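What follows is one structure encoded as structure tokens, with my remarks underneath.
Residue numbering restarts at 1 for every chain, and letters A, B, ... go by the order of the sequence lines. Atom set for the values below is all heavy atoms of this structure, side chains included, hydrogens, waters and symmetry mates excluded. Only a predicted model underlies this, so the values are computations on that prediction, with no experimental measurement involved.
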Protein chains: 2
Amino acid sequence: MPVGNEEDLTAQITKIKDRIPASEEITLLADFFSVLGDGTRVKIVSALRHGELCVSHLAEVVGLSDSAVSHQLRLMRYNNVVKSRREGKYIYYSLADEHVIDIYDVVKAHINEDNA
Amino acid sequence: MPVGNEEDLTAQITKIKDRIPASEEITLLADFFSVLGDGTRVKIVSALRHGELCVSHLAEVVGLSDSAVSHQLRLMRYNNVVKSRREGKYIYYSLADEHVIDIYDVVKAHINEDNA
DNA sequence: TAATCAATTGAATACTTGCTCAAATGTATG
DNA sequence: CATACATTTGAGCAAGTATTCAATTGATTA
């Protein structure tokens with residue numbers, strides 16, 4: 001490790017360690033990012049970006065079985081990324097709130113900049 | 001599927017399908033989110049949130065072996081989340097750019113709101 | 001109420017991922 | 001130049017994950 005004032009160094013590291021969020025918050029953060037860390041789920045978010053869709057339409061849009069999409073939606077619902085409402089036989093899914101849209105848009109802008 | 005004007009429906013779905021980014025972009029998006037979708041890597045981002053650190057210090061801060069941290073840093077570097085500079089024996093890592101900080105902060109705010 | 005369609009669920013499986021350990025590579029310094 | 005320290009690398013393993021398939025639940029309608 002870098003040498004220097006030994007006491008300061010240990011103190012600094014402790015300070016940084018203390019600034020790291022508690023493990024429950026770390027888990028929440030990682031879980032949220034994880035939910036969007038999959039191509040299928042990114043597609044679902046993108047498909048819902050401009051309005052709600054029922055499961056079978058979502059499945060058609062993302063090119064997977066209803067079942068596969070339903071499994072993913074369950075995870076996304078559990079993690080507050082999407083919400084649903086039933087209308088008769090159909091269950092319409094939409095993005096949970098504006099944050100999701102904001103985050104999606106910011107990251108999209110970010111990766112497109114990186115390519116430049 | 002919901003019945004209605006059949007032609008409009010198919011047309012609408014096609015339109016939504018067309019708005020979904022190309023698969024390369026989907027992959028970039030999912031990969032970026034994936035990088036932050038892990039507790040260890042969230043801790044690393046959080047530790048670097050206020051300045052650079054060398055590998056061994058990072059390891060101490062996040063409570064893992066140098067090797068484990070180095071493996072994660074490789075992935076994070078590859079995905080433009082962190083950057084590094086060598087200074088003698090040491091390699092100092094820092095967040096790649098302001099976007100990473102912004103995204104981290106926005107998501108942190110989001111999950112803390114959800115708990116309310 | 002029987003038949004039908006939408007959505008969910010659970011088990012199985014192939015695939016991915018994070019960590020550890022041991023060995024290798026860089027870099028400095030005695 | 002040999003030793004020590006920082007970091008990286010690769011193989012291996014245990015745990016997690018995404019999809020499929022078959023069966024089930026929920027809701028409409030003929």
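With a 4.5 Å cut-off on side-chain heavy atoms, Tyr93(A) and Leu48(A) count as touching. The closest side-chain heavy-atom distance from Val106(A) to Val106(B) is not below 4.5 Å.
Here dT8(D) presents its P atom at 14 Å from OH of Tyr90(B), a figure rounded to the nearest Å. We find that CZ of Arg74(B) is positioned 11 Å from P of dA11(D), with the value rounded to whole Å. Distance NE2 (His57(B)) to P (dC5(D)): 14 Å, rounded to an integer number of Å. When rounded to the nearest whole Å, the span between CD of Glu60(B) and P of dT7(D) equals 12 Å. Atom pair Leu58(A):CG and dA7(C):P shows a separation of 9 Å (rounding to whole Å applied). Here the P atom of nucleotide dT7(D) and the CD1 atom of Ile44(B) are 13 Å apart, to the nearest Å.
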Start with the C-alpha gap between Asn80(A) and Phe32(A), add the side-chain angles, then the distance that decides, and say whether side chain to side chain contact (heavy atoms under 4.5 Å, CB included) holds. CA-CA 8 Å; Asn80(A) 288 305; Phe32(A) 179 87; over 6 Å; no
In sequence, state the C-alpha distance, the side-chain angles, and the governing distance for Lys43(B) and Leu58(B), and then conclude on side chain to side chain contact (heavy atoms under 4.5 Å, CB included). CA-CA 9 Å; Lys43(B) 281 187 204 164; Leu58(B) 264 175; over 6 Å; no
Step-by-step side chain to side chain contact (heavy atoms under 4.5 Å, CB included) determination, Glu113(A) to Asp97(B): CA-CA 11 Å; Glu113(A) 253 182 66; Asp97(B) 58 46; over 6 Å; no
Check against side chain to side chain contact (heavy atoms under 4.5 Å, CB included), Lys108(A) and Leu29(B): CA-CA 7 Å; Lys108(A) 200 167 162 214; Leu29(B) 278 161; 4.1 Å; yes
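Ring geometry for Phe33(B) against Phe33(A) counts as tilted: the plane angle lies between 30° and 60°, on a 0 to 90° scale.
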Using a 4.0 Å heavy-atom cut-off to protein, can you give one letter per nucleotide of nucleotides 11-25 of chain C, 5' to 3': B if the base is in contact, S if only the sugar-phosphate is, - if neither? -------SSBBB---
Quick tally for nucleotides 24-30 of chain D: nucleotides whose base has a protein heavy atom under 4.0 Å get B, sugar-phosphate-only ones S, the rest -, giving --SSS--
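Leu75(A) and Val82(A) fall into different hydrophobic clusters, defined by Ile, Leu, Val, Met, Phe, Trp and Tyr side-chain heavy atoms under 4.5 Å apart, directly or through other members.
Distances shown here put every side-chain N or O of Tyr92(A) at or beyond 4.0 Å from the OP1 or OP2 atom of dA7(C).
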